[in-house]
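Following: one structure in structure tokens, then a few remarks.
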Amino acid sequence: MSMQPTRVTIVGGGVAALEAMIALRNLAEERVAIRLVTPTPEWSYRPLAVLEPFGLGTATRYDLVNISRAHGAAMHLAGVQAVRPDEHELLTWDGRTLDYELLLIAIGAHPTGALPGSVTVKGPGYTGRFRTLLRELEQRRIRRVAFAVPTGATWPLPLYELALMTATHVSRQGLSGVELSIVTPEQEPLELFGPAASEAVRALLAEHDVALHAGHHPAAVGAHELTTVPDGSVPADRVVSLPRLRGRSLPGLPHDPEGFIPTDLHGLVDGQSDVYAAGDATTFPIKQGGLAAQQADAAAESIAARAGAPVEARPFRPVLRGRLLTGGESQYLRADVSGASGDSSSASSEMLWWPPNKIAGRWLAPYLAAHSEELKPPPGLAEDADLTAIKWRAMIGRDRDGHAGFVRVGSDS
Ligand SMILES: Cc1cc2nc3c(=O)[nH]c(=O)nc-3n(C[C@H](O)[C@H](O)[C@H](O)COP(=O)(O)OP(=O)(O)OC[C@H]3O[C@@H](n4cnc5c(N)ncnc54)[C@H](O)[C@@H]3O)c2cc1C
């Protein structure tokens, strides 16, 4: 076995990238030298963004510098614009080339608005727009809100959470005459999770007085209604919707017509021998953090085995775990969606996995549970809306001086 560690580059700084980094360090130990290439030095825990408009919590932000350092990974602040697999090189947004031995692409997907005129759950502006909607309900300027799952949305759970939390909010505020509804092309609510989960969600919606229009595709937002296909409409003074996701295709790698990267069950990109991909960036149809982490685990095991670690490289076998927030007690939903174990749908108000994180990653979830306080960015910087990569570069530079050079920014030499 070569004494030189295998040089692994991970592109991205989200769920799949972090899960892969932690898994690799634990599985392959010093057999790998890991480099993380990410355009931003922060990671935001998006599933908690649904709490923000209600003042119940925030999408916690984590400092990637600290996480990389803790796992002995070099960090390079850059975006990647292309891959040159034959040369084992990446081209960054600022025109630099970086080499690699093995590469893992985890660049997520791009959210696009699917229903013009709706409040779309994407980007930093969403919280403010949703707060305005809540204020309008409180001031009785609007009465009817439809929560619309657009055709092609790949992870509908956040919309159910917003509908249920709005219902809880309305009830706590004692607002009468409010009509909330969910409009979805699904035949059953959250049908990805199977029959037991759908039944539990149906009961929750009824209990919270949220009407369900299943089997309806939201088509157009009008002044006081949401038009649906097949023929029909749902009264709505405001419509809240999810974005559709598009792939961020990278020149040099294959992609489907929507820009997603095809892989095998070990994450190896079609036609490539040294390039892996995981998470929302891939063609796997359900875009969910827990599944992104499971894909990252499969890729990390394969890479660790290639680096000489005594690890069995198991294929991706998707198991969905969703913690549905309601504004009151959470509902835990679980289903094996690999097709390998028949009907595995379950739902419970008791925790079905541990730690009970929204993103159930085998390595990332326990790590965050153990370190969540120390991983947050310094308070002053985290609150700074004008925070730029330049400021972070300066900060990381100072940090590096004090910390044995684990974090290298701008140069990997
Ligand atoms: C409101 C909301 C609620 C959600 N709730 C849940 C939930 O309850 N449970 C759950 O499991 N999932 C949930 N999800 C989905 C989950 O957040 C995603 O599926 C998950 O983040 C995907 O992980 P990823 O690593 O593939 O992509 P991301 O986490 O999106 O990370 C992509 C990374 O790649 C970087 N990047 C992008 N382009 C480039 C480039 N060219 N070069 C280098 N880096 C690049 C980005 O900066 C980012 O760091 C929710 C999502 C939303 C929006």
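Counting starts at 1 for both ligands and their atoms, in listed order.
For ligand 1 and G279, the ligand atoms under 4.0 Å from any heavy atom of the residue are 26 (O). With ligand atoms numbered from 1 in the order given, ligand 1 contributes 40 (C), 41 (N) to contacts under 4.0 Å with heavy atoms of W93. The atoms of ligand 1 that sit less than 4.0 Å from any heavy atom of G79 are 42 (N), 43 (C). Counting atoms of ligand 1 from 1 in the listed order, those under 4.0 Å from a heavy atom of A292 are 23 (O).
Within the set V11, T40, V15, the minimum heavy-atom distance to atom 20 (C) of ligand 1 is found for V15. For atom 34 (O) of ligand 1, the nearest non-hydrogen atom from the set L159, T282, L324, I107 comes from I107. When P39, P47, A106 are checked for heavy-atom proximity to atom 4 (C) of ligand 1, P47 turns out nearest. Distances from atom 6 (C) of ligand 1 to the heavy atoms of Y45, W43, Y126, W155 show the closest one on W155.
For an aromatic pair to be called close, the ring centres must be under 6.0 Å apart, and F284 with F260 fails this.
Looking at heavy atoms from C-beta onward, H216 lies out of side-chain contact with T184 at the 4.5 angstrom threshold.
At a heavy-atom distance under 4.0 Å, only backbone atoms of K287 (N, CA, C or O) approach ligand 1.
The shortest N or O to N or O distance between R321 and ligand 1 is not under 3.5 Å. Residue Q288 has at least one nitrogen or oxygen atom sitting less than 3.5 Å from a nitrogen or oxygen atom of ligand 1, judged on distance alone. An N or O contact shorter than 3.5 Å links D280 to ligand 1 by distance. For ligand 1, one of its N or O atoms has an N or O atom of V80 under 3.5 Å away. Residue P158 has no N or O atom closer than 3.5 Å to an N or O atom of ligand 1. Between G290 and ligand 1, a contact under 3.5 Å exists for at least one N or O pair.
Donor-acceptor pairing under 3.5 Å is lacking for the side chains of T112 and R244. For the residue pair H266 / E301, no side-chain donor-acceptor distance below 3.5 Å is found, with atom types taken as modelled. A donor and an acceptor atom, one from each side chain of Q331 and T326, are nowhere located under 3.5 Å apart. Residues S302 and Y276 have side chains that bring a donor and an acceptor to within less than 3.5 angstrom of each other.
With respect to atom 31 (O) of ligand 1, the closest heavy atom belonging to the protein is G14 CA, 3.3 Å. Ranking the protein heavy atoms by distance from atom 51 (C) of ligand 1 puts R46 NE, 4.1 Å first. Summary of contacts: the protein heavy atom closest to atom 25 (O) of ligand 1 is A16 N, 2.8 Å. Atom 16 (C) of ligand 1 has its closest protein heavy atom at G289 N, 3.6 Å. Counting protein heavy atoms only, atom 48 (C) of ligand 1 is closest to G13 N, 3.8 Å. Considering only non-hydrogen protein atoms, atom 9 (N) of ligand 1 sits nearest to K358 O, 3.1 Å. If you check which protein heavy atom lies closest to atom 27 (O) of ligand 1, you get G108 CA, 3.3 Å.
Using a 4.0 Å cut-off between charged nitrogen and carboxylate oxygen, D99 and R7 count as a salt-bridge pair.
Enclosure of atom CZ in R246 is not indicated, since only 12 or fewer non-hydrogen atoms of other residues, nucleotides or ligands lie within 6.0 angstrom.
By the 30° and 60° cut-offs, the orientation of the rings of F193 relative to W155 is tilted. Y367 and H371 have tilted rings, their planes meeting at an angle from 30° to 60° on a 0 to 90° scale. Using cut-offs of 30° and 60° on the angle between ring planes, the pair F130 and F147 is tilted.
Distance remark: protein heavy atom not present below 4.0 angstrom from atom 46 (C) of ligand 1.
W353 is linked by a ring pair (Phe, Tyr, Trp, His ring centres under 6.0 Å) to Y332, counting only residues two or more places apart in sequence or in another chain. E179 pairs by the side-chain contact (heavy atoms from CB on, under 4.5 Å) definition with R143, R144, not counting sequence neighbours.
Taking each heavy atom of E191 and S198 in turn, the nearest pair found is CA-OG, 3.6 Å.
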